[in-house]
Structure formats: C-alpha cells, structure tokens
2 protein chains.
Amino acid sequence: MSEILDAIDRRILRELQRNGRMSNVELANAVGLSPSPCLRRVKLLEEKGVIDGYVAVLNGPKLGLGLTVFARIWFKTQDAETTNLFAETVRKYPEVAECYLTTGECDAIMRVVTTDLHAYWRFQSDHLMRIPSVQSVKTDVPMETIKAGQQLPL
Amino acid sequence: MSEILDAIDRRILRELQRNGRMSNVELANAVGLSPSPCLRRVKLLEEKGVIDGYVAVLNGPKLGLGLTVFARIWFKTQDAETTNLFAETVRKYPEVAECYLTTGECDAIMRVVTTDLHAYWRFQSDHLMRIPSVQSVKTDVPMETIKAGQQLPL
DNA sequence: CTAGAGTTGGCAGATCATGCCAAACTTTGC
DNA sequence: GCAAAGTTTGGCATGATCTGCCAACTCTAG
C-alpha cells in the first residue's frame with residue numbers, strides 16, 4: 001500500500017471537502033478521471049482512513065442553537081482519577097461539541113453549543129461547575145465569525 | 001412555510017449528521033418513511049438553509065496535519081481598522097481552520113492546524129505576530145481528545 | 001524488447017434519484 | 001358532526017448513478 005497521495009488524490013479530497021455529496025461522475029469530471037478509477041480511489045481513501053466519513057453541516061442558528069462558547073477549564077488536581085471523571089462526565093453532555101485535554105495554561109478546553117447565553121449559564125453553573133474535578137472556568141464568546149469550518153488545508 | 005421541525009425532520013438531521021452520504025432509501029428506512037417524502041423533506045431542509053451542505057471529514061494525522069492549536073489573540077487597539085486588517089489577513093492563511101472575534105478576556109480566538117509544533121511556531125512568529133493588529137498571543141495545545149466533531153445536539 | 005505490476009476506461013446489471021399523481025390524513029369552517 | 005380545502009404520504013416510471021468485472025494501456029526493471 002503506497003502511503004503517499006498523488007495530485008489526483010489531493011484534488012479528490014479537496015472536492016469532497018467542499019461537497020461531500022457530489023456524485024461520483026461529477027467528482028470524476030472535476031478531477032479529470034473516468035468514474036471507475038475515481039470511485040476506486042475514493043473507496044481506497046476511505047479504507048485507509050484518510051476519509052473518516054461524511055457529515056451534513058447544519059445551521060446552528062436556524063435550529064435554535066445560536067450560541068457557541070469556548071470554555072477553558074482548570075482542574076483541582078491533575079491526577080488520572082480527576083481527569084477520567086471529567087472526561088466521562090463531559091462525554092454525556094450533548095451541549096459539549098468538542099473537548100480536549102490540554103497542556104499549557106489550562107487543563108481542558110471545550111466548545112459548547114447552546115441556544116443563548118442564559119442556557120449556557122445554566123449549563124455552566126448546573127453541570128460544569130458541579131463536576132468535582134473542576135476548579136474554575138473561563139469563557140470566550142465569539143461575537144463574529146472571521147472564518148469557520150473544519151476543512152483541512154490541502 | 002412552517003418554521004418548525006417535527007420529529008421526523010430531527011431524525012433526518014440526526015442521521016445525516018452521522019452519515020451525510022447515506023442513500024435516500026437508507027435514510028427513509030431509518031426515519032420510517034418511504035423514499036419519496038423523505039427526499040422531499042431533505043430538499044426542503046436544504047432550501048431552508050437548515051442543512052448548509054455536506055462535507056467529507058478528513059483524518060488530519062494521516063494527511064500529515066497532526067497538530068491542532070487553539071490561539072487566543074490580543075489586539076493593540078480594538079478599532080475597526082485594526083480588526084478588519086486582522087480579519088483580512090487571517091482569511092488568507094490556510095493553516096487557520098477557524099477564527100472568531102470575541103468579547104471577554106481576549107479579542108480573537110482561532111484554531112490552527114499544522115503538521116507539528118515546529119510548523120506552528122513558524123506560523124506564529126513569521127505570520128501571526130507580524131500582523132500589525134496583533135499585540136500578543138497565548139496558545140493551548142490539545143493533548144488528548146475527549147470529544148470531537150462538529151455535530152449539533154438534536 | 002519483454003515480463004510484470006499497477007492503473008485506467010468501458011460495459012452490464014443492480015441500485016438509486018426524481019417528478020408526477022392518486023390516496024390518506026389533518027385541519028378548517030360551517 | 002360533516003364536508004371542503006390543504007397538506008403529506010406512498011407508489012410508480014424514467015433516467016441517472018453505482019458497482020464489479022475485464023480488457024487495454026502505462027511504466028518500470030531486467
């Protein structure tokens with residue numbers, strides 16, 4: 001299995017990052033192949049795990065989920081029990097869209113999606129601050145989007 | 001145009017958030033409809049802008065893009081020129097996956113994707129810090145992922 | 001020049017998308 | 001309670017698409 005991706009593979013990934021639902025013939029045209037080898041390359045990229053999957057991108061505000069908040073979290077201690085308890089608990093909250101353990105200034109960072117500031121405040125005080133691992137939380141609230149999306153630079 | 005989404009619409013969105021490339025018949029089965037009305041609902045959700053689009057989710061590490069960094073940025077001043085200059089410049093950098101202007105402690109927050117720490121350091125010192133708007137930057141580096149993805153809670 | 005591996009393009013059958021129409025269901029007004 | 005109007009559904013036919021298979025092509029090594 002050749003590990004490298006050639007120019008056509010990269011073009012395929014770029015196209016599918018733009019529109020994950022384009023038909024295979026459309027994709028084949030866009031990258032300059034006939035449908036057969038194009039589909040084979042896509043399947044191979046999926047098998048190799050280069051393509052993790054496909055998702056629909058939903059519009060938060062139109063679903064009543066207009067507020068995104070970035071929260072930085074400090075733990076009381078940094079031992080494994082504290083960390084695991086935090087991870088287990090956080091995984092259960094649907095409001096938490098992303099969460100990472102970090103090194104540096106804080107111990108964890110998360111992106112929380114709710115309807116509005118009031119709902120966020122309820123989440124923070126009723127749930128987040130009640131996790132025994134958590135000592136303190138600081139939030140940054142995006143007011144304007146300069147750039148969004150999860151596309152990787154190819 | 002009825003603004004509300006019923007239970008079936010929500011189930012459609014949930015399924016398409018999991019697998020944006022499932023066929024319409026598959027989706028219809030999953031939500032308990034026949035293909036015809038199912039497709040009509042999907043098209044309507046797209047027209048209404050509830051579904052913004054579809055994207056392939058790529059595996060960063062397998063593409064040599066293994067490092068994500070969250071950077072908080074402080075501006076020298078908060079006037080419109082400073083902000084616009086920053087926004088214009090940042091939009092051009094492919095390493096910047098997301099970027100928001102914030103209220104609160106810092107002025108902007110961004111997610112940067114690079115191959116490794118060295119590449120990030122080059123980006124920060126050679127590009128980010130040279131934007132005249134920027135006074136200082138603090139970074140948080142995710143070491144472990146507790147939860148990832150861009151799915152909205154439905 | 002030849003052998004072999006890897007990749008491509010075309011083809012056939014199965015599956016799927018799409019638009020249309022009648023039937024079923026829900027809502028509204030009387 | 002009942003009929004009319006509006007909405008949503010399911011089935012069907014047609015055209016497009018997917019998918020696996022095989023022959024032809026390209027490239028490299030000996």
Side-chain angles (χ1 to χ4, degrees), chain A residues 1-65 149-152 154, chain B residues 1-65 149-152 154:
Chain A
M1 157 161 66
S2 57
E3 269 309 327
I4 52 162
L5 305 177
D6 62 13
I8 297 180
D9 284 327
R10 260 192 295 274
R11 227 175 311 165
I12 288 175
L13 294 178
R14 250 196 307 267
E15 291 296 327
L16 288 179
Q17 251 191 146
R18 268 195 331 111
N19 177 7
R21 251 204 149 171
M22 67 199 304
S23 78
N24 183 54
V25 293
E26 210 181 334
L27 179 61
N29 276 335
V31 304
L33 274 179
S34 71
S36 271
C38 182
L39 182 65
R40 197 158 357 161
R41 278 166 181 264
V42 172
K43 295 288 174 202
L44 221 66
L45 290 168
E46 291 171 359
E47 276 170 30
K48 285 205 257 182
V50 176
I51 297 176
D52 266 338
Y54 304 87
V55 299
V57 179
L58 306 188
N59 184 306
K62 294 210 171 160
L63 285 161
L65 293 166
Q150 53 295 312
Q151 278 136 27
L152 297 179
L154 291 177
Chain B
M1 159 158 70
S2 56
E3 269 309 327
I4 51 161
L5 306 177
D6 63 12
I8 297 180
D9 285 326
R10 262 191 294 274
R11 227 175 311 166
I12 288 176
L13 294 177
R14 250 196 307 268
E15 292 295 327
L16 288 178
Q17 252 191 145
R18 270 195 329 111
N19 177 7
R21 253 205 147 170
M22 66 198 306
S23 78
N24 183 55
V25 293
E26 210 180 335
L27 178 61
N29 275 336
V31 303
L33 275 181
S34 70
S36 272
C38 182
L39 182 64
R40 188 141 12 109
R41 278 167 180 263
V42 172
K43 295 289 174 202
L44 220 68
L45 289 168
E46 291 170 359
E47 275 169 31
K48 285 204 257 182
V50 177
I51 297 176
D52 266 337
Y54 304 88
V55 298
V57 180
L58 305 188
N59 183 307
K62 295 211 172 160
L63 285 162
L65 294 167
Q150 53 295 313
Q151 278 135 28
L152 297 179
L154 292 176

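No hydrogens, no waters, no symmetry mates; every other heavy atom, side chains included, goes into these values. Because the structure is predicted, anything quoted here is derived from the model rather than measured. Here is how names work: the chains are called A, B, and so on, in the same order as the sequence lines, proteins then strands, and each is numbered from 1.
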**Nearest heavy-atom neighbours spanning B/Ser34 and B/Ala28** = C-CB, 3.8 Å
**Message:** In this structure, how many angstroms lie between the P atom of C/dT18 and the CG atom of B/Leu44, rounded?
**Reply:** 14 Å
**Prompt:** What integer distance in Å separates A/Asp9:CG from C/dG6:P?
**Reply:** 16 Å
**Asked** Can you tell me how far P of D/dT9 sits from CG of B/Leu33, to the nearest Å?
**Response** 6 Å
**Item:** Closest contact, heavy atoms only, B/Arg10 versus B/Leu154
**Value:** O-CD1, 4.1 Å
**Prompt:** Bend angle of the helix from C/dC1-D/dG30 to C/dC30-D/dG1 from five-pair axes at both ends, rounded to 10°?
**Reply:** 30°
**Asked** Does a side-chain N-to-carboxylate-O contact under 4.0 Å join A/Asp52 and B/Lys62?
**Response** no
**Item:** Contact summary for A/Val31 and A/Arg11, nearest pair of heavy atoms
**Value:** O-NH1, 3.4 Å
**Request:** Take the protein atom CG of A/Leu5 and the nucleotide atom P of C/dT7, then report the distance between them rounded to whole Å.
**Result:** 13 Å
**Prompt:** Quick one: does B/Leu45's side chain get under 4.5 Å of B/Leu16's, heavy atoms only?
**Reply:** no
**Message:** Would you say that A/Ile12 contacts A/Leu5 through its side chain, given a criterion of any heavy-atom pair below 4.5 Å between the two side chains?
**Reply:** no
**Asked** Are OP1 or OP2 of D/dT19 and a side-chain N or O of A/Lys43 less than 4.0 angstrom apart?
**Response** yes
**Asked** Would a 4.5 Å heavy-atom cut-off, applied to side chains only, mark B/Ile51 and A/Leu58 as touching?
**Response** yes
**Fill in**
For B/Gly20 and A/Arg21 the tightest heavy-atom approach is O-NE, 3.1 Å
**Request:** Give a yes or no answer on whether the side chain of B/Glu15 reaches the backbone of B/Leu27 with a donor-acceptor pair at less than 3.5 Å.
**Result:** no
**Message:** Looking at every heavy atom in both B/Asn24 and B/Cys38, which two are closest together, and how far apart are they?
**Reply:** OD1-SG, 3.6 Å
**Message:** Between A/Arg41 and C/dT7, is there a contact of a side-chain N or O with OP1 or OP2 at under 4.0 Å?
**Reply:** no
**Message:** Using a strict heavy-atom distance below 4.0 Å, which residues from residues 20-31 of chain A are in contact with DNA chain C?
**Reply:** none
**Message:** Within the 4.0 Å limit for protein heavy atoms, which parts of nucleotides 19-24 of chain C are touched? Write it as a string from 5' to 3', B for base, S for sugar-phosphate only, - for none.
**Reply:** B-----
**Item:** Considering all heavy atoms, the nearest A/Gly60-B/Leu152 contact
**Value:** CA-CD1, 3.7 Å
